[in-house]
Amino acid sequence: MIPITDLLGQYNEIKDEIARAVDKVLREGKYILGPEVVELEERIASSCAARYGVGVASGTDALVLSVVAAGIGEGDEVITTPFTFIATIEAVIRAGAKPVFADIDPKTYNMDPASIESKITSRTKALMPVHLYGLPCDMPAIMGIAKKHDLKVIEDCAQSFGAAIDGKVTGSFGDFGCFSFFPAKNLGCYGDGGMIVTNDGGYAEKIKLLRMHGFSADYDYRLHGFNSRLDTLQAAIVNVKMNHIDEWIEKRIQNAAGYAEGLKEVKEVEVPFIPDGYRHSMNYYALRIFPGRETRDGLKKYLTEKGVGNNIYYPLSLHLQPICADMGYKKGDYPVSEKTQDEIISLPMYPELEAEKIEFICGEIKKYFGV
Ligand SMILES: Cc1ncc(COP(=O)(O)O)c(C=O)c1O
C-alpha cells in the first residue's frame, strides 16, 4: 500500500531534533505563548517578508481572526472560490459575514480573476483567494481588482506554504496571509495550529488580543475575543520542521516532475499546470482525468485495488453542498468548478516518496488507460 501521505517517514528523519525541542518546552514549562511561539512567529513572518506573524490555534482560526480583525461581519460579503475545503467559507460565516463565490480557472483550479468583478456589490469587503493544492492564485490580477474596488485581501495559504510567484511567496501579497499547520500540510505540526502574517501593526495587535479573550494584560478586556493560541509545543515542532522545509518542498517538486515524466504519454491525464515563474509547493498532487467522471471514478477504483492511495479534493463544490442550500445557489452556477470536481483525483505526494513508487503508480495508470 502506498499512502497518499506518509508522516511517519518524516518523523523518523527528525525524531531526535523533535525529542529535544519537546523536552525543552516541557522542562521550561511555558506551555502557553512560550518563547517558541515568538520564535516561530518571527521565522514565518521573515520567510514571508512580512513585519508580523501571529500564531493561532488552527488554519481555520487564522482565517476567522483575520476576517474579524478586518472589521468584517454582519451584512458584509467576502468573495472566494467554491472549489476549496469547507473551512474557507466556514471562517467567513463564523465571523458573521456571507461568502460569495466566483468560479475557478479550468487550468489552475484557482479563483479566476475574470469572474470576480461581476460578484462585487456594495456589501463586498474582501477577497479570499485560496492557493489550492499549493499553486499560487493569480495574485497580481487579484490585488489589482482589490485596489480598484478598495477591498481587503485575505489569502488562504493553508495548502501553500513555500509557494511563490517570481520569488514572492503566498501570504505576502494580501493584507493577511493565513497558514495551517494541520499535520498533512507541507509545514505540519503534530496536532492543530496556524499562523497569520501581516504588514499592518494595527491588525497584528488586534489579532493578538482576539486570540486571547480580547485582553492584553491584567484582565483589561478590550474586545470580545476567542481562545485561539498556538500551543508552545506545536510551535517547537514547527520550528524544527522549518530547518528542513525548503529541502522537503524541493523533493515534492522533484516528485511532481517524476509524475509528469511518467504520465506524459497518457492523453487522458492532465498533470498540474504551472504558469511561468510560479512555484507550486505540491501540497497535493492532483490530476485531471478525461473525458470525465466515469473514467475518473474507474481510475480511482483501480488505483485503490492496486494499493495506491488516492483522494478527491474536492468531490462537491461548496455551492452545491446541502449545508449551503440557504445561500440560494443551484447546479450550473459555477460550471468550471462543477466540471473540475468530476475530473480531479490526487495521488500520493510527500517528500520521502521514492522514485520507484512514482514509477509504479505511473505504470498502473498507464495500464488502466492501455498505454
Ligand atoms: C484550503 C484550506 N483552508 C483552510 C484549512 C483549515 O486549516 P486547519 O485544518 O488548520 O483549520 C484547510 C485545511 O484543513 C484548507 O485546506
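As the structure lists them, so they are numbered: ligands from 1, and atoms in each ligand from 1.
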Check whether any side-chain N or O of Asp76 sits under 3.5 Å from a backbone N or O of Ala97 as a donor-acceptor pair, and report yes or no. no

May I ask you to identify, for Thr60, whether its side chain, its backbone, both or neither come under 4.0 Å of ligand 1 on a heavy-atom basis? both

With atoms numbered from 1 as shown, which atoms in ligand 1 lie under 4.0 angstrom from a non-hydrogen atom of [X]?
| X | value |
| --- | --- |
| Val130 | 1 (C) |
| Ala87 | 4 (C), 5 (C), 6 (C) |
| Ala158 | 2 (C), 3 (N), 4 (C), 5 (C), 12 (C), 15 (C) |
| Ser180 | 7 (O), 8 (P), 10 (O) |
| Thr84 | 1 (C) |

Could you tell me whether [X] and ligand 1 have an N or O pair separated by under 3.5 Å?
| X | result |
| --- | --- |
| Gly59 | yes |
| Gln159 | yes |
| Asp156 | yes |
| Lys185 | yes |

Could you give the distance from CD (Gln10) to CD1 (Ile14), rounded to the nearest 0.5 Å? 5.0 Å

Rounding to 0.5 Å, atoms CG (Asn283) and CZ (Arg252) come to a distance of 5.5 Å

Residues two or more places apart in sequence or in another chain: which of them pass salt bridge (Lys or Arg N to Asp or Glu O under 4.0 Å) with Glu359? none

So, His131 and Glu155: side-chain donor and acceptor under 3.5 Å apart, yes or no? yes

Is it true that, when you exclude Lys300 itself, more than 12 heavy atoms of the residues, nucleotides or ligands shown sit nearer than 6.0 Å to its NZ? yes

Of Asp138, Leu132, Thr84, which is the lone residue that meets side chain to side chain contact (heavy atoms under 4.5 Å, CB included) with Asn110? Leu132

